[in-house]
2 protein chains.
Amino acid sequence: MARSWFSEPPEDQKEVCPVTETQDIIAGKWKIIILWHLSIQTRRFNELHRLLPGISKGILTRQLRELEEDQMVHREVYKEVPPRVEYSLTPIGQSFIPILDSMGEWGIKYKKSCKKAKAYTNL
Amino acid sequence: MARSWFSEPPEDQKEVCPVTETQDIIAGKWKIIILWHLSIQTRRFNELHRLLPGISKGILTRQLRELEEDQMVHREVYKEVPPRVEYSLTPIGQSFIPILDSMGEWGIKYKKSCKKAKAYTNL
DNA sequence: CGGAATCCCGGCTGATACTG
DNA sequence: CAGTATCAGCCGGGATTCCG
């Protein structure tokens, strides 16, 4: 018993519900968006930073590291001056691209089919 | 200026990157899992509560409400004693099912193809 | 350029108690 | 049964500073 003493009955849940695994990986405010940008092409760190307006370098680093740990993203360091680091999708990450595409298409259809009630919460 | 004074350049971002929309909707610790359970069949409140070990009723309610606001989930109240409330997917929610399925399948493949490094962080 | 190290902060999450 | 209300806390995001 490491840390399963509260609110976490991990095993059975993941057995029963396979999306749990996926949920764990793409949870994180920027991960889906990062993966999407990497699905287009390999990107450098600052390139990603520019593509994600509002994210700080610290956070970007963390999200990328976590994606690395989950073997979704590959980090290639070129020993140069100034340094260059390129991020790309691993094979596992690439296998996720169809889902990213679906999510993109769905997002577009979603915007068309409904004006978000959330925006008008004050009604 | 409501609350967009920091870290939120919403418009352009969503233009450029369609997954942002989707990200916003499925963000939330339990939403994907809730949607998945509802994709199987209509469920009652306590049924969902049992299916999601670890979630509290308060949180479950909130996540469901948010999914309702986003028009993903329909809430049907039966005027009975004791009360009965059933949750199901709206048409928009149903249009998301393929993605849920993909995520489920992907999650299974993922588990096979890699032993998560995260679990052994202490190495 | 691409981070690492810190600190801070808010919001979501979660527990508990109460209600119709 | 299906919530609401309230409060606590934690974690993850964010800003800033420093480094090779």
Side-chain angles (χ1 to χ4, degrees), chain A residues 3-9 13 20 23-34 38 42-70 73-88 118 121, chain B residues 2-10 13 20 23-34 38 42-70 73-88 118 121:
Chain A
R3 30 179 274 266
S4 320
W5 29 279
F6 83 113
S7 74
E8 210 183 356
Q13 173 70 345
T20 309
Q23 151 72 21
D24 285 352
I25 293 173
I26 64 176
K29 188 167 177 180
W30 304 93
K31 293 203 184 151
I32 295 178
I33 308 174
I34 290 173
L38 292 181
T42 296
R43 311 266 190 191
R44 299 184 58 171
F45 182 84
N46 266 0
E47 196 179 353
L48 279 173
H49 190 222
R50 266 176 279 115
L51 286 168
L52 303 172
I55 198 175
S56 70
K57 288 193 291 181
I59 296 302
L60 177 54
T61 301
R62 259 175 43 185
Q63 302 264 317
L64 284 167
R65 288 290 187 281
E66 290 177 21
L67 287 171
E68 244 192 293
E69 285 177 26
D70 288 331
V73 163
H74 172 68
R75 177 168 176 265
E76 184 75 33
V77 183
Y78 296 87
K79 268 302 185 181
E80 304 173 0
V81 180
R84 178 163 57 108
V85 179
E86 289 188 348
Y87 291 91
S88 57
K118 234 177 191 174
T121 309
Chain B
R3 29 180 273 267
S4 317
W5 29 278
F6 83 114
S7 77
E8 212 182 351
Q13 172 70 345
T20 309
Q23 151 73 18
D24 285 353
I25 293 173
I26 63 176
K29 188 167 176 179
W30 304 94
K31 291 199 184 157
I32 295 178
I33 308 175
I34 290 172
L38 292 181
T42 295
R43 311 267 190 191
R44 301 184 56 172
F45 182 84
N46 266 1
E47 197 179 352
L48 279 173
H49 191 223
R50 265 177 279 114
L51 287 168
L52 303 173
I55 198 175
S56 70
K57 288 192 289 182
I59 297 302
L60 177 54
T61 300
R62 266 179 31 188
Q63 302 261 317
L64 284 168
R65 290 289 188 281
E66 290 178 19
L67 287 171
E68 245 191 295
E69 285 176 26
D70 287 333
V73 162
H74 173 69
R75 178 168 175 263
E76 185 76 33
V77 183
Y78 296 87
K79 268 301 184 180
E80 304 175 0
V81 181
R84 178 162 58 105
V85 178
E86 289 187 348
Y87 292 91
S88 57
K118 235 177 192 176
T121 308

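Order of the sequence lines sets the chain letters (A, B, ...), proteins ahead of strands, with each chain counted from 1.
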The side chain of A:S56 lies closest to which of these nucleotides: C:dG2, D:dA15, D:dG3? D:dA15
With side chains defined as the heavy atoms from C-beta onward, is the minimum distance between A:K31 and A:L67 less than 4.5 Å? yes
If you check the A:R65 side chain, which of C:dG3, D:dG14, D:dG3 turns out closest? C:dG3
Please determine whether any donor N or O and acceptor N or O are separated by less than 3.5 Å between the side chain of A:K29 and the base of D:dG13. no
Over all atoms of both residues, closest heavy-atom pair of B:L48 and B:R43: CG-CB, 3.8 Å
Which part of the nucleic acid, if any, lies within contact of A:E47, taking any heavy atom under 4.0 Å across all strands shown: a base, the sugar-phosphate backbone alone, or nothing? nothing
Rounded to whole angstroms, how far apart are CG on A:L64 and P on D:dG13? 12 Å
Can you measure A:I26 atom CD1 to D:dG12 atom P for me and round it to whole angstrom units? 16 Å
Quick note, B:F45 side chain, CB onward, closest among D:dG3, D:dA15, D:dG13 is D:dG3
Tell me which of B:G28 and B:K57 sits closer to the 5' end of DNA chain C, going by the nucleotide each one is nearest to. B:G28
Residue mapping more 5' on DNA chain D - nearest nucleotide basis, A:P83 or A:G58: A:G58
Can you figure out which of D:dG3, C:dC1, D:dC1 approaches the side chain of B:R44 most closely? D:dC1
Looking only at the side chain of A:R62 (C-beta and beyond, no hydrogens), which of the listed nucleotides D:dG12, C:dG2, C:dG14 gets closest? D:dG12
Please work out if B:E80 contacts a base, only the sugar-phosphate, or nothing of the nucleic acid, heavy-atom cut-off 4.0 Å. nothing
How close do A:T42 and A:E47 get, heavy atom to heavy atom, and via which atoms? O-OE1, 4.2 Å
Measure from CD1 on B:I59 to P on C:dA17 and round the result to the nearest Å. 17 Å
Once you round it to whole Å, what is the distance between P of D:dG12 and CG of A:L60? 17 Å
Whole-Å distance between D:dC11 P and A:D24 CG? 15 Å
So B:Y78, base contact, sugar-phosphate only, or nothing? Heavy-atom distance under 4.0 Å. nothing
Tell me: CD1 of B:I55 to P of D:dA2, nearest whole Å? 15 Å
